[in-house]
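Following: one structure in structure tokens, then a few remarks.
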Amino acid sequence: MRDDEVYKLLSTPGWLLVPVGLPGAGKSTLGGRLVAHGLMHQHGILSTDTLRERLGGRRDWLGDEELVFRHVREILDARLRNGLTTYLDATNVRAVDRNYALAAAQAAGRAGLVVRFSEPKEVCRRRRAHQGVVYDDHVWDGLVKDLAEIDWNSLAVPWVDSAAVARIIADQT
Ligand SMILES: Nc1ncnc2c1ncn2[C@@H]1O[C@H](COP(=O)(O)OP(=O)(O)OP(=O)(O)O)[C@@H](O)[C@H]1O
Ligand SMILES: [Mg+2]
């Protein structure tokens, strides 16, 4: 997608952005920038980490992922129905995690955009370790494999690189 098309999408409330990237790639940081630059309300950040904390007491609670994603779907559906701009702040590397959201945006007639974060695993891992979050090798390897298997041109909505979104936010707002 061209920069001017991305900017036009971001300037028209009601969009759904779906970042896709490893832990530590910068997804939440980009969401914060969209809020800081007035492109969305902070309530539009729909974060699985925040829901895990609300429901299970910790950002890294994995006690009931079905419950977490049930909340994600309910909130997302309501926001799309009500025309509210939303940033689905989750890794979204697995098709099952992101496809519901992409299909829901389409069904609601809202503009959807996937944001691809391609920071290397070692960079992401270092950033997470700095903040005391350590996942096992097999968790990282599984996420990297899922990310590598994504067929970017077969997504239900267009995609754009995270660096392009960051540049557009900085330049245009
Ligand atoms: N473009 C960037 N350049 C350098 N550092 C960055 C960049 N974006 C984010 N960071 C830093 O990397 C760390 C992780 O960023 P962030 O929390 O946004 O990642 P995340 O993708 O939301 O991770 P998670 O999936 O674990 O929530 C933070 O300390 C943040 O300040
Ligand atoms: Mg995050």
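Start at 1 and go down the list; that is how both ligands and their atoms are numbered.
- Using 4.0 Å as the threshold, A25 has a heavy atom nearer than that to some atom of ligand 1.
- Compare R127, R59, R126 by their heavy atoms: the one nearest to atom 3 (N) of ligand 1 is in R127.
- Around the CZ atom of R54, the shell of radius 6.0 Å holds no more than 12 heavy atoms that belong to other residues, nucleotides or ligands.
- Taking 2.8 Å as the criterion, S47 does not count as a coordinating residue of the Mg ion (ligand 2), since none of its N, O or S atoms falls below it.
- Under a 4.0 Å N-O distance rule, the pair K145/E149 qualifies as a salt bridge.
- Side-chain polar atoms of Y135 and D141 form no donor-acceptor pair below 3.5 angstrom.
- Heavy atoms of other residues, nucleotides or ligands lying less than 6.0 angstrom from CZ of R94 number 12 at most.
- Atoms of ligand 1 found under 4.0 Å from any heavy atom of D49, numbered from 1 in the order shown, are 27 (O).
- The proximity of V133 to ligand 1, defined as any non-hydrogen pair under 4.0 Å, does not occur for either the backbone or the side chain.
- Side chains of Y7 and D171 form no contact here, defined as non-hydrogen atoms less than 4.5 Å apart.
- Using a 4.5 Å heavy-atom threshold, the side chains of L39 and R33 count as separate.
- Under a 4.0 Å criterion applied to the non-hydrogen atoms of S28, ligand 1 contributes the atoms 18 (O), 20 (P), 22 (O), 27 (O).
- Not a single N or O atom of R33, backbone or side chain, sits closer than 3.5 Å to an N or O atom of ligand 1.
- One finds no salt bridge joining D89 and K27 here, because no Lys/Arg side-chain nitrogen approaches an Asp/Glu carboxylate oxygen to under 4.0 Å.
- Distance screen at 4.0 Å: atom 25 (O) of ligand 1 has a protein heavy-atom neighbour inside the cut-off.
- Looking only at heavy atoms of the protein, atom 23 (O) of ligand 1 is closest to G24 N, 2.7 Å.
- Relative to atom 30 (C) of ligand 1, the option among L22, N92, T29 with the closest non-hydrogen atom is T29.
- Scanning K27, Q131, R128 for the heavy atom closest to atom 17 (O) of ligand 1 points to R128.
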side-chain contact (heavy atoms from CB on, under 4.5 Å), that's the test. Do V20 and V115 meet it? Break it down for me.
CA-CA 6 Å; V20 173; V115 183; over 6 Å; no
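- Salt bridge absent: R125 and E119 never bring a charged side-chain N and a carboxylate O closer than 4.0 Å.
- Not a single N or O atom of Y135, backbone or side chain, sits closer than 3.5 Å to an N or O atom of ligand 1.
- Of the candidates A166, C124, G26, A90, G26 brings a heavy atom nearest to atom 8 (N) of ligand 1.
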